[in-house]
Amino acid sequence: MADRGCPLEAAPLLCRGAGRAWLSWSDITQKGYEKKRAKLLARYIPLIQGIDPSLQAENRIPGPSQTTAAAPKQQKSRPTTSRDERFRSDVHTEAVQAALAKYKERKMPMPSKRRSVLVHSSVETYTPPDTSSASEDEGSLRRPGRLTSTPLQSHSSVEPWLDRVIQGSSTSSSASSTSSHPGGRPTAAPSAAATPGAAAATALAGREAHTHIDLHSAPPDVTTGLVEHSYFERPQVASVRSVPRGCSGSMLETADGVPVNSRVSSKIQQLLNTLKRPKRPPLKEFFVDDFEELLEVQQPDPNQPKPEGSETSVLRGEPLTAGVPRPPSLLATLQRWGTAQPKSPCLTALDTTGKATYTLTYGKLWSRSLKLAYTLLNKLTSKNEPLLKPGDRVALVFPNSDPVMFMVAFYGCLLAELVPVPIEVPLTRKDAGSQQVGFLLGSCGVSLALTTDACQKGLPKAQTGEVATFKGWPPLSWLVIDGKHLARPPKDWHPLTQDTRTGTAYIEYKTSKEGSTVGVTVSHASLLAQCRALTQACGYSEAETLTNVLDFKRDAGLWHGVLTSVMNRMHVVSIPYALMKANPLSWIQKVCFYKARAALVKSRDMHWSLLAQRGQRDVSLSSLRMLIVADGANPWSISSCDAFLNVFQSRGLRPEVICPCASSPEALTVAIRRPPDLGGPPPRKAVLSMNGLSYGVIRVDTEEKLSVLTVQDVGQVMPGANVCVVKLEGTPYLCKTDEVGEICVNSSATGTAYYGLLGITKNVFEAVPVTAGGAPVFDRPFTRTGLLGFIGPDNLVFIVGKLDGLMVTGVRRHNADDVVATALAVEPMKFVYRGRIAVFSVTVLHDDRIVLVAEQRPDASEEDSFQWMSRVLQPMVG
């Protein structure tokens, strides 16, 4: 080029102009052009500090001899083809000079570079392009291991201008290449378009001695053709992968060391955007239920009934009698009867044939309980340390056919200041129900289980002969409490019985709707208050006989048959469940035999007695003054009570004797009907519209319809208790007088907490009902009972269902007990078994669907059963 009279400063201009002309009429790719351009301009770009001296020698401007010698050497390094002619700089030199002279004569300002029409993205979203399609000449343009990263030295303001010049040249060249003729000859427009970039390079040549390349500037965004760029420093690295000689700020290396172009096609742009921003929803959107889009938003019915009554108030029960002298604790009462009336009968157990197997006296109960308490505290050791300490929890595993040993174990734990946890006998090692009980035992920290020799022999055994470890249960030590296994205490050993204790007396398990098991703690103060309230409400007196058909380990069977009976020195006759299955009339027969004054049953027992009473003419129930129906809160129990009264009224049963009651594990006994001689009002019934109840509103209807629910009162609230009705959801506002809500009780005779569950304990045992204005209705918290009902005339409590049985279909609420009562009202005796009806709900699209399952009688036809089903469905959907 020096031989042709070309000045040295114009060499970059000629090379760039020639390269742009080659690109205009050839089919060279953009990437190939960038490689060749970088190689040609590498000789004239300022040197980088720290570069290898041998590399600097290569970058020196060659003389004429070196230029002519380099051409054969370069041609020798690769096969000679017709394409080599397009890369020779002396082919179009004269044309380029003519174009330059033409622009100098015009002295026109340099046209601005066209902005890319592609979508511009920021430097932060830069993604290196795919380098798999690089040409084979790419390797010859790299010098691996010769460059090191250096900081910016001087003239930093030149860098943005340098980037714009080189990018403008690249963009103009690309535009000229796309507008070439098919014949391969360039037009005048491409040549003229190439000149601004060349003129800029000429101006740049004078400053090449003062310009340095910053290898640490951010790589350009390959998805834009913008002139303006955001510059920021990347963290410096120890070494940099090789880059082509002559690369500038807009031609920096990618992760693979490949020069990056500043323009790509629209398809590649779309691919890059897809890779950079994958269409993955945010994390929170993974938890959005798509079913909500399928749900139909149900608008409230403008004709639906709404409560119209006034706001209710707190209902106060009668005060506990304070004039009657009472012992300070239940244990003091047991000590009194055990020493003063040792031969008085306390409990009689029956076998499956109805014969009395053993009668436990108060003297035996006191002495055996003392032995067990002494054994638990002094004879059980672990590593020379007592196994149990006061306050520890102990499991009581006894069958329903052995109330005597259960009573001894219960009072023995109370004397030893231990907390008994009565549970059911596990049937198999993997019983689902026993797994939940095992979880309760583990949360209570139970390590010892009390049982009898007969019960232990019936438990599943391991290969070693010991009791097997049940699934979900903690490791337990088993202690048989039969007489021969207990030690006699010294005469000077006396447990504390006269002190009023403040800790937990026992823990009663409760199974929720979902199947989980929780433990309700009952304190010594609550236990004593419950016994006193039941004594006053039921009018119990000394030496009375009570026939108990219920489970003596929990609920009303425990409160009446084990605790309150001891306070009043009553005689309890326990009827095992196996005997009731063999002879449903057995409890009535024992009432006649023992002249029982009170009986504790369920509505199912009354129904079974109706089926088996035929041929029994010598039965008399005249001795009964109270027939306590423990499940009287269930709406369907009224049919059993009415049918039982109609049959046995001629055999001495008085109507006022039937006393339904309402209770819950959290609040213990909530209300009980009392005979007139105890000051109770006459019983009442309520005929309510099922449609109104489904909206939580009380509407009185006629009894001739199937779409009504007839309920009976459960009596007055317990002595010393305060009761109110609150709304089911949200803040516990007081309900209106014609509105169904949840019954809440404030009393000293309620449970105290769910063991180990502080969260739900505060919600259930520390509820604060408020008025419509937000003011608390009482200065002490209330306990939620889980019973749904309202306060009727004469301050009588009516229960229409339970919170666990609530099923929501749309905006309407149904209760499982109400559905059962409706099914029983449609003459089920002819088509299905009365006691074999189950009601539950399944969730479909966030809505409950009611399912009723009834066992069909073998003599009923399919058509008759279908008609019965249709009659049952009408009142529920109407």
Side-chain angles (χ1 to χ4, degrees), residues 324-351 355-379 396 398 402-418 420 450 452 480-501 505-506 524 527-528 531-532 534-535 540-548 552 558-574 590 593-598:
V324 181
R326 295 292 183 184
S329 66
L330 184 61
L331 296 179
T333 305
L334 174 61
Q335 183 181 18
R336 173 189 174 186
W337 301 132
T339 54
Q341 302 284 340
K343 295 184 179 181
S344 179
C346 175
L347 178 65
T348 298
L350 305 178
D351 58 11
K355 296 181 179 180
T357 56
Y358 187 80
T359 299
L360 179 68
T361 62
Y362 280 93
K364 288 292 184 180
L365 176 60
W366 171 248
S367 61
R368 290 188 179 184
S369 300
L370 280 179
K371 289 182 181 180
L372 178 59
Y374 178 77
T375 303
L376 293 175
L377 293 178
N378 299 278
K379 296 301 180 180
L396 305 186
F398 295 91
D402 197 352
V404 173
M405 298 308 299
F406 172 82
M407 202 169 188
V408 171
F410 190 91
Y411 281 99
C413 290
L414 295 182
L415 289 173
E417 301 183 32
L418 302 175
L450 306 183
T452 60
V480 176
I481 64 170
D482 293 311
K484 58 182 179 181
H485 299 282
L486 303 180
R488 183 182 297 273
K491 294 183 179 181
D492 57 348
W493 187 83
H494 301 286
L496 297 177
T497 58
Q498 302 298 327
D499 296 340
T500 303
R501 303 175 185 176
Y506 71 96
H524 286 277
L527 184 149
L528 183 61
C531 292
R532 290 178 177 177
L534 287 177
T535 299
Y540 288 139
S541 60
E542 295 182 14
E544 276 192 334
T545 302
L546 170 68
T547 302
N548 182 21
F552 50 80
L558 174 65
W559 307 330
H560 290 262
V562 176
L563 303 178
T564 307
S565 62
V566 172
M567 173 169 284
N568 296 280
R569 195 172 64 85
M570 298 174 62
H571 179 204
V572 179
V573 179
S574 181
K590 298 307 174 185
F593 181 80
Y594 289 99
K595 304 297 181 184
R597 298 281 294 164

Visitor: Going by the rule side chain to side chain donor-acceptor pair (under 3.5 Å), which residues pair with Thr357 if we only count those two or more places apart in sequence or in a different chain?
Guide: none
Visitor: Could you tell me which residues satisfy ring-ring contact (aromatic ring centres under 6.0 Å, His included) with Tyr411, sequence neighbours excluded, listed by chain and number?
Guide: none
Visitor: Roughly how far, to the nearest 0.5 Å, is CD1 of Ile481 from CG of Leu486?
Guide: 7.0 Å
Visitor: With side-chain contact (heavy atoms from CB on, under 4.5 Å) as the test, would you mind laying out the steps for Leu396 and Tyr506 before giving the verdict?
Guide: CA-CA 11 Å; Leu396 305 186; Tyr506 71 96; over 6 Å; no
Visitor: Determine the minimum heavy-atom distance between Arg569 and Glu542, stating which atoms define it.
Guide: NH2-OE1, 3.4 Å
Visitor: Minimum heavy-atom separation for Asn378 to Trp493, with atom names?
Guide: ND2-NE1, 4.1 Å
Visitor: Check for a donor-acceptor pair, side chain of Trp366 on one end and backbone N or O of Pro342 on the other, with a separation under 3.5 Å.
Guide: no
Visitor: Measure from NZ or CZ of Lys590 to the centre of the six-membered ring of Phe593 and say whether it is under 6.0 Å with the direction within 45° of the ring axis.
Guide: yes
Visitor: Measure across Ala356 and Tyr594 and return the closest heavy-atom pair with its distance rounded to 0.1 Å.
Guide: CB-OH, 4.1 Å
Visitor: Step by step, work out the side-chain contact (heavy atoms from CB on, under 4.5 Å) result for Gln341 and Tyr362.
Guide: CA-CA 7 Å; Gln341 302 284 340; Tyr362 280 93; 5.6 Å; no
Visitor: Got a second to check how far Cys346's SG is from Met570's CE, nearest 0.5 Å?
Guide: 10.5 Å
Visitor: To the nearest 0.5 Å, what is the distance between CG (Asn568) and CG (Leu534)?
Guide: 9.5 Å
Visitor: Are Cys413 and Leu450 side-chain neighbours, meaning at least one heavy-atom pair lies under 4.5 Å?
Guide: yes
Visitor: How about Tyr374 and Pro490: do any of their side-chain heavy atoms sit closer than 4.5 Å?
Guide: yes
Visitor: For Met405 and Asp482: C-alpha separation, side-chain torsions, deciding distance, then whether side-chain contact (heavy atoms from CB on, under 4.5 Å) applies.
Guide: CA-CA 8 Å; Met405 298 308 299; Asp482 293 311; 4.2 Å; yes
Visitor: Give the intermediate values and the outcome of side-chain contact (heavy atoms from CB on, under 4.5 Å) for residues Thr333 and Cys531.
Guide: CA-CA 12 Å; Thr333 305; Cys531 292; over 6 Å; no
Visitor: At their closest point, which heavy atom of Tyr358 faces which heavy atom of Lys364, and how far apart are they?
Guide: OH-CG, 4.2 Å
Visitor: Rounded to the nearest 0.5 Å, how far does OG of Ser574 lie from CE of Met407?
Guide: 10.0 Å
Visitor: Quick one: closest heavy-atom pair of His560 and Leu546, and the distance?
Guide: O-CD2, 3.9 Å
Visitor: Taking all non-hydrogen atoms of both residues, which atom of Leu414 and which atom of Ala505 are closest, and how far apart?
Guide: CD2-O, 3.4 Å
Visitor: Without swapping roles, check the side chain of Thr564 against the backbone of Trp559 for a donor-acceptor pair under 3.5 Å.
Guide: yes
Visitor: Measuring from Leu347:CG to His571:NE2, what's the distance to the nearest 0.5 Å?
Guide: 7.0 Å
Visitor: Please verify the inter-ring angle class for Phe406 with Phe552; under 30° counts as parallel, over 60° as perpendicular, anything in between as tilted.
Guide: tilted
Visitor: Answer yes or no: is there a side-chain heavy-atom contact under 4.5 Å between Leu365 and Val408?
Guide: yes
Visitor: Find the distance between CZ (Phe410) and CG (Leu372) and round it off to the nearest 0.5 Å.
Guide: 12.5 Å
